[in-house]
Asker: 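If you scroll down you'll find the structure; I have some questions about it.
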Amino acid sequence: MTVRVRMAPSPTGMLHIGGVRTFLFNWLFARGRDGECLLRIENTDTSREVEEAVEQIERSLYWLGIDWDGETTFQLDRLERAGEEARRLVSEGSAYDDEGAIRIRMPDEGVTGWEDAIKGHIEFPNVELEDVVLVRSDGRPTYNFASPLEDWLDGITHVVRGDDHVSNTPKQLHVLQALGAEPPVYAHVPSVFGEDGRKLSKRHGAISVDEFRASGYVPEALMNFLALLGWAPDGETTIMSADELVERFTLERVGSSPATFDYAKLDWMNGVYLRALPADEYASRLVGYLRDQGLEWAEDRVRAAAPLVQEKIARFDEFPAFAGFLFHDVEPDRELLDLRILGFAETALERTEPWSAASLEATLKRLCDDLGEKPRTVYLPIRVAVTGSRISPGLYESLELIGREASLARIRAARGVA
RNA sequence: GCCCCCAUCGACUAGCGGCCUAGGUCACCACCCUUUCAAGGUGGCAGCACGGGUUCGAAUCCCGUUGGGGGCACCA
């Protein structure tokens, strides 16, 4: 039987990173088995924001590299079918009218259980099960009816969802049984916590895919990181391409305990991916990122600066602070300037020919020798004067990029204001 | 309150009865490299929640406790 799963977000707002991780598991599972992965919007409630939310969800998944088969479907589109099925259940006696709503009859003895692909055997005493409402008195189906009904209609073989749905499962199992449907395999994935051990929320920084994107993370890194939250192919491998993840992913190896989102590790991983990018690819992505952020910096200069920062920053959003001096004037901290050294530096640099990183290096090293000072002593004031910070890309390359005139102008300005 | 789930270094995890004086990665610390910051290299710190069992032998199995999470809607 062909595997078929669904990603079923509710269009209430931004796609949450925990939910994305659940969708990623669905996708990895389906793609690794020649299966299908559907995108189904669970909107039993009409809302004006549905349109935008759906767009945001699709864009987020697309950016991450998670695709789906066929058109995006909407639960609301099957409202009539849901009504028909509910009436059928009433006529068959497994459901009944209750003040205009339709409820399903739940057994009140015994237990309802299933073999969860992630958590193992789970069962609930039937006494705990209420006669859940299938269709509201206004005719709209409830989630606990619409969701299993659609799973059946869509031929879903595996329901991979957040474990906050565990207690809905016995109810849905009975709905399926009343419908005459074969139940899918259920796999409940544990939730993701924020760094304070509590549920992920705004407080924890980036939370939606859009925010991660704006923070300068690349999709490959985010996917890799997300996959490793609650899943591991073995105890050793950490860096894996999408293809490798697809190839190695199994539901059996998804852990059953919740995982904490670790931004520091994500940053590290993003840096790994960034550094591994071919130089021109890196430059293109950096240009694209800055453009997305609304920074109108000259593309050729951004491209020229790219190699200087590739080994240095872990996220693209660090670029403006780290290399912004290439695009605008700086305000050096006077405390860090050394007028005597700057004076000698200005003289030495004025005579440097050609103005290239190599000859600048020769010039500055000679200057160190002449002054009898260590490079760190000589370079700091120059770096601060020219880049405005004690932390920057390589000094020679930075000087080269800024150019002779601008470099000297900044050094003179520093001498003047100091 | 009731029901369900979970429990290995600070974090993500490997471990599915002996290979474990518990391995890898991030973070952290030290040192090396070095024009700053990174990157890289080397080394280090650090964990099986607790209590009972079962067994020749338990991180691994069972029970309980504690702690965390989820659910108990004509929300999804």
Side-chain angles (χ1 to χ4, degrees), chain A residues 8-12 41-45 75 98-103 111 113 116 118-120 122-130 132-147 161-171 188 190-193 195 197-199 225-239 252-253 255-269 271-272 274-275 309-314 318 322 336 360-361 364-365 368 374-380 382-384 387 389-399:
Chain A
S10 61
T12 47
I41 309 295
E42 306 222 309
N43 63 332
T44 42
D45 202 351
Q75 207 157 62
D98 176 37
E99 293 186 34
I102 296 177
R103 286 181 187 273
V111 296
D116 197 278
I118 291 174
K119 293 181 183 268
I122 300 178
E123 62 178 34
F124 286 76
N126 288 336
V127 239
E128 301 295 324
L129 271 31
E130 307 261 299
V132 303
V133 170
L134 265 27
V135 178
R136 303 174 173 94
S137 39
D138 67 2
R140 286 152 50 224
T142 60
Y143 165 76
N144 274 317
F145 182 49
S147 188
R161 57 181 9 173
D163 72 357
D164 49 329
H165 287 296
V166 166
S167 57
N168 286 323
T169 308
K171 301 172 192 168
H188 289 95
S191 41
V192 179
F193 291 161
E195 286 174 320
R198 325 191 76 219
K199 274 186 78 175
F225 177 78
L226 250 22
L228 253 20
L229 270 189
W231 174 80
D234 53 52
E236 318 291 309
T237 320
T238 52
I239 301 297
E252 291 66 38
R253 289 195 68 87
S256 43
S257 50
T260 302
F261 200 100
D262 182 355
Y263 290 89
K265 187 165 186 175
L266 207 212
D267 281 359
W268 164 77
M269 193 173 280
V272 169
L274 248 29
R275 273 174 258 122
V309 303
Q310 186 165 10
E311 298 286 320
K312 309 271 188 176
I313 62 177
E318 294 173 56
F322 192 68
L336 300 173
L360 284 163
E361 176 172 3
L364 293 176
K365 283 194 165 156
C368 291
K374 288 181 177 276
R376 62 192 330 125
T377 311
V378 176
Y379 289 16
L380 177 69
I382 302 175
R383 184 188 301 282
V384 170
T387 74
S389 169
R390 55 196 309 170
I391 301 170
S392 79
L395 222 209
Y396 319 130
E397 293 79 6
S398 295
L399 287 169

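In the text below, chain A, chain B and the rest are named by the order of the sequence lines, each starting its count at 1. Computed from a predicted model, the values in this text were never measured in an experiment. No hydrogens, no waters, no symmetry mates; every other heavy atom, side chains included, goes into these values.
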Asker: Would you classify A:Ser137 as touching base, sugar-phosphate or nothing, given that sugar-phosphate means primed atoms plus P, OP1 and OP2, and contacts are heavy atoms under 4.0 Å?
Answerer: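 Touches a base.
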
Asker: Name the closest nucleotide to the A:Thr238 side chain, picking from B:rU25, B:rC4, B:rU36.
Answerer: B:rU25

Asker: Would you mind pulling out the nucleotide paired to B:rC50, Watson-Crick or G-U wobble, both distances under 3.5 Å?
Answerer: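 WC or wobble partner is B:rG64.
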
Asker: Could you check which of B:rG69, B:rA76, B:rG71 has an atom nearest any side-chain atom of A:Ser191?
Answerer: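 Shortest atom-to-atom distance from the side chain points to B:rG69.
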
Asker: Tell me the interatomic distance from A:Arg383, atom CZ, to B:rU34, atom P, rounded to whole angstroms.
Answerer: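 The answer, rounded to whole Å, is 16 Å.
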
Asker: Which heavy atom in A:Asp138 sits nearest to a heavy atom in A:Arg140, and how many Å separate them?
Answerer: OD2-NH1, 2.6 Å

Asker: Rounded to whole angstrom units, what separation is found between the CE atom of A:Met269 and the P atom of B:rA11?
Answerer: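 Distance, rounded to whole Å: 17 Å.
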
Asker: Please state the C1' separation for the pair B:rC48 and B:rU13 - nearest whole angstrom.
Answerer: 13 Å

Asker: Any strand counts, and the cut-off is 3.5 Å on both contacts for Watson-Crick or G-U wobble. Which nucleotide pairs with B:rC26?
Answerer: B:rG10

Asker: Is A:Lys374 side chain donor-acceptor paired with the B:rU35 base, going by distance under 3.5 Å alone?
Answerer: no

Asker: With rounding to the closest Å, how many angstrom separate the C1' atoms on B:rA11 and B:rU55?
Answerer: 35 Å

Asker: What nucleotide among B:rC74, B:rU35, B:rU36 has an atom nearest to a side-chain atom of A:Ser392?
Answerer: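 Side chain of A:Ser392 sits closest to B:rU36.
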
Asker: Please give the distance between the P atoms of B:rC61 and B:rG15 as a whole number of Å.
Answerer: 12 Å

Asker: Which part of the nucleic acid, if any, lies within contact of A:Pro125, taking any heavy atom under 4.0 Å across all strands shown: a base, the sugar-phosphate backbone alone, or nothing?
Answerer: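 Sugar-phosphate contact only.
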
Asker: From CG of A:Leu399 over to P of B:rU36, roughly how many Å is that when rounded to an integer?
Answerer: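 My rounded result for the distance is 15 Å.
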
Asker: Can you tell me how far NZ of A:Lys171 sits from OG1 of A:Thr142, rounded to the nearest 0.5 angstrom?
Answerer: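 Reported value, rounded in 0.5 Å steps: 9.5 Å.
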
Asker: Nearest 0.5 Å please: distance from the CG atom of A:Leu360 over to the CG atom of A:Leu399.
Answerer: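 If I round to the nearest 0.5 Å, the distance is 5.5 Å.
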
Asker: Rounded to the nearest 0.5 Å, how far does CG of A:Leu274 lie from CD of A:Glu318?
Answerer: 9.0 Å

Asker: Within the 4.5 Å heavy-atom criterion, are A:Ile41 and A:Ser10 side-chain neighbours or not?
Answerer: no

Asker: Measure the CG-CG distance between A:Leu266 and A:Asp262 for me, rounded to the nearest 0.5 Å.
Answerer: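 It comes to 8.5 Å.
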
Asker: Taking atom types as they are modelled, would you say the side chain of A:Lys119 forms a donor-acceptor pair with the base of B:rC5 within the 3.5 Å cutoff?
Answerer: no

Asker: Quick one: is A:Arg103 getting a side-chain N or O under 4.0 Å of the B:rC74 phosphate, OP1 or OP2?
Answerer: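 Yes, within the criterion.
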
Asker: Checking contacts here: which listed nucleotide (B:rU35, B:rA76, B:rC4) is nearest the side-chain heavy atoms of A:Ser10?
Answerer: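 Of the options given, the side chain of A:Ser10 lies nearest B:rA76.
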
Asker: Could you work out the separation of B:rG47 and B:rC32 based on their P atoms and round it to a whole Å?
Answerer: 28 Å

Asker: So, taking the atom named CD in A:Glu128 and the one named OG in A:Ser167, what distance separates them when rounded to the nearest 0.5 Å?
Answerer: 10.5 Å

Asker: For A:His165 and B:rC5, what is the distance between atoms NE2 and C1' respectively, to the nearest whole Å?
Answerer: 15 Å

Asker: Please report the closest heavy-atom contact between A:Asp163 and A:Pro190, naming both atoms and the distance.
Answerer: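 Nearest pair, atom of A:Asp163 first, then A:Pro190: OD2-CA, 3.5 Å.
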
Asker: How is A:Ala101 classified with respect to the nucleic acid when contacts are heavy atoms under 4.0 Å: base, sugar-phosphate, or nothing?
Answerer: base

Asker: Please determine, for B:rC72, whether a Watson-Crick or G-U wobble partner exists with both distances under 3.5 Å, and give it or none.
Answerer: B:rG1

Asker: Can you check the A:Asn168 CG to B:rA73 C1' distance for me, whole Å?
Answerer: 11 Å

Asker: Looking only at atom C1', what distance separates B:rG53 and B:rU60, rounded to whole Å?
Answerer: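 To the nearest whole Å, 15 Å.
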
Asker: Which sits closer to the 5' end of RNA chain B, A:Pro141 or A:Pro375, going by the nucleotide each is nearest to?
Answerer: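 Whichever sits nearer the 5' end wins; that is A:Pro375.
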
Asker: I want to verify a distance call: between B:rG23, B:rA11, B:rC5, whose nearest atom is closest to the A:Ile122 side chain?
Answerer: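 Of the candidates, B:rC5 comes closest.
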
Asker: Among B:rC4, B:rC74, B:rC12, find the nucleotide with the atom closest to the side chain of A:Ala259.
Answerer: B:rC12

Asker: Looking for any heavy atom pair under 4.0 Å, which part of the strands does A:Asp138 touch: base, sugar-phosphate only, or nothing?
Answerer: nothing

Asker: Tell whether A:Lys265 reaches the base of B:rU13 with its side chain through a donor-acceptor pair below 3.5 angstrom.
Answerer: no

Asker: Looking only at the side chain of A:Lys312 (C-beta and beyond, no hydrogens), which of the listed nucleotides B:rC37, B:rC6, B:rA76 gets closest?
Answerer: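 Looking only at side-chain atoms, A:Lys312 lies closest to B:rC37.
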
Asker: With rounding to whole Å, what would you report as the distance between B:rA46 and B:rG23 at their C1' atoms?
Answerer: 14 Å

Asker: Name the nucleic acid region contacted by A:Glu128, choosing base, sugar-phosphate or nothing; use a 4.0 angstrom heavy-atom cut-off, strictly under.
Answerer: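 Contact class for A:Glu128: sugar-phosphate only.
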
Asker: Under 4.0 Å between any heavy atoms, over every strand shown, what does A:Asp267 touch: base, sugar-phosphate, or nothing? Just pick one.
Answerer: nothing

Asker: Distance between the C1' atoms of B:rA49 and B:rC56, in whole angstroms?
Answerer: 28 Å

Asker: Using heavy atoms to find the nearest nucleotide of RNA chain B for A:Arg275 and A:Asp234 separately, return the residue whose nucleotide is more 5′.
Answerer: A:Asp234

Asker: To the nearest Å, how far apart are A:Ile102 CD1 and B:rA73 P?
Answerer: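 Going from CD1 in A:Ile102 over to P in B:rA73 covers 20 Å.
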
Asker: With heavy atoms under 4.0 Å as the rule, sort A:Gly230 into base, sugar-phosphate or nothing.
Answerer: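 Result for A:Gly230 = sugar-phosphate.
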
Asker: State which of B:rG71, B:rC3, B:rC6 makes the closest approach to the side chain of A:Asp164.
Answerer: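 From the listed options, B:rG71 comes nearest.
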
Asker: Taking atom P in both B:rG10 and B:rC28, compute the distance separating them and give it to the nearest angstrom.
Answerer: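 One P to the other, the span is 16 Å.
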
Asker: Reckon A:Leu395 touches a base, only the sugar-phosphate, or nothing at all at heavy-atom distances under 4.0 Å?
Answerer: base

Asker: What does A:Glu361 touch in the nucleic acid at a heavy-atom separation under 4.0 angstrom: a base, only the sugar-phosphate, or nothing?
Answerer: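 If one applies the 4.0 Å heavy-atom cut-off, A:Glu361 turns out to touch nothing in the nucleic acid.
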
Asker: What is the base-pairing partner of B:rU55, counting Watson-Crick and G-U wobble geometry with both distances under 3.5 Å?
Answerer: none

Asker: Write down the distance between OH (A:Tyr143) and P (B:rG71), rounded to a whole number of angstrom.
Answerer: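 For the pair A:Tyr143 OH and B:rG71 P, the rounded distance is 12 Å.
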
Asker: Where the side chain of A:Trp268 is defined as all heavy atoms beyond and including C-beta, which of B:rU25, B:rA76, B:rC12 is the nearest nucleotide?
Answerer: B:rU25

Asker: Can you tell me how far the OG1 atom of A:Thr238 sits from the CZ atom of A:Phe225, to the nearest 0.5 Å?
Answerer: 12.0 Å

Asker: Whole angstroms only, please: what is the NZ-C1' distance between A:Lys171 and B:rC74?
Answerer: 13 Å

Asker: Is it the case that the side chains of A:Thr169 and A:His188 hold a donor-acceptor pair, with the cut-off being a distance below 3.5 Å and no angle test?
Answerer: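 The criterion, which ignores hydrogens and geometry beyond distance, is satisfied for A:Thr169 and A:His188.
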
Asker: Side chain of A:Asn144 only, please: which of B:rG71, B:rA76, B:rC12 is the nearest?
Answerer: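 Nearest nucleotide to the side chain: B:rA76.
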
Asker: Within the structure shown, what part of the strands sits under 4.0 Å from A:Arg253 by heavy-atom distance: base, sugar-phosphate, or nothing?
Answerer: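 If one applies the 4.0 Å heavy-atom cut-off, A:Arg253 turns out to touch the sugar-phosphate alone, with no base involved.
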
Asker: Identify whether any heavy atom of A:Tyr396 sits under 4.0 Å from a base atom; if not, whether one sits that close to sugar-phosphate; answer base, sugar-phosphate or nothing.
Answerer: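 Since a base atom lies under 4.0 Å of A:Tyr396, the category is base.
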
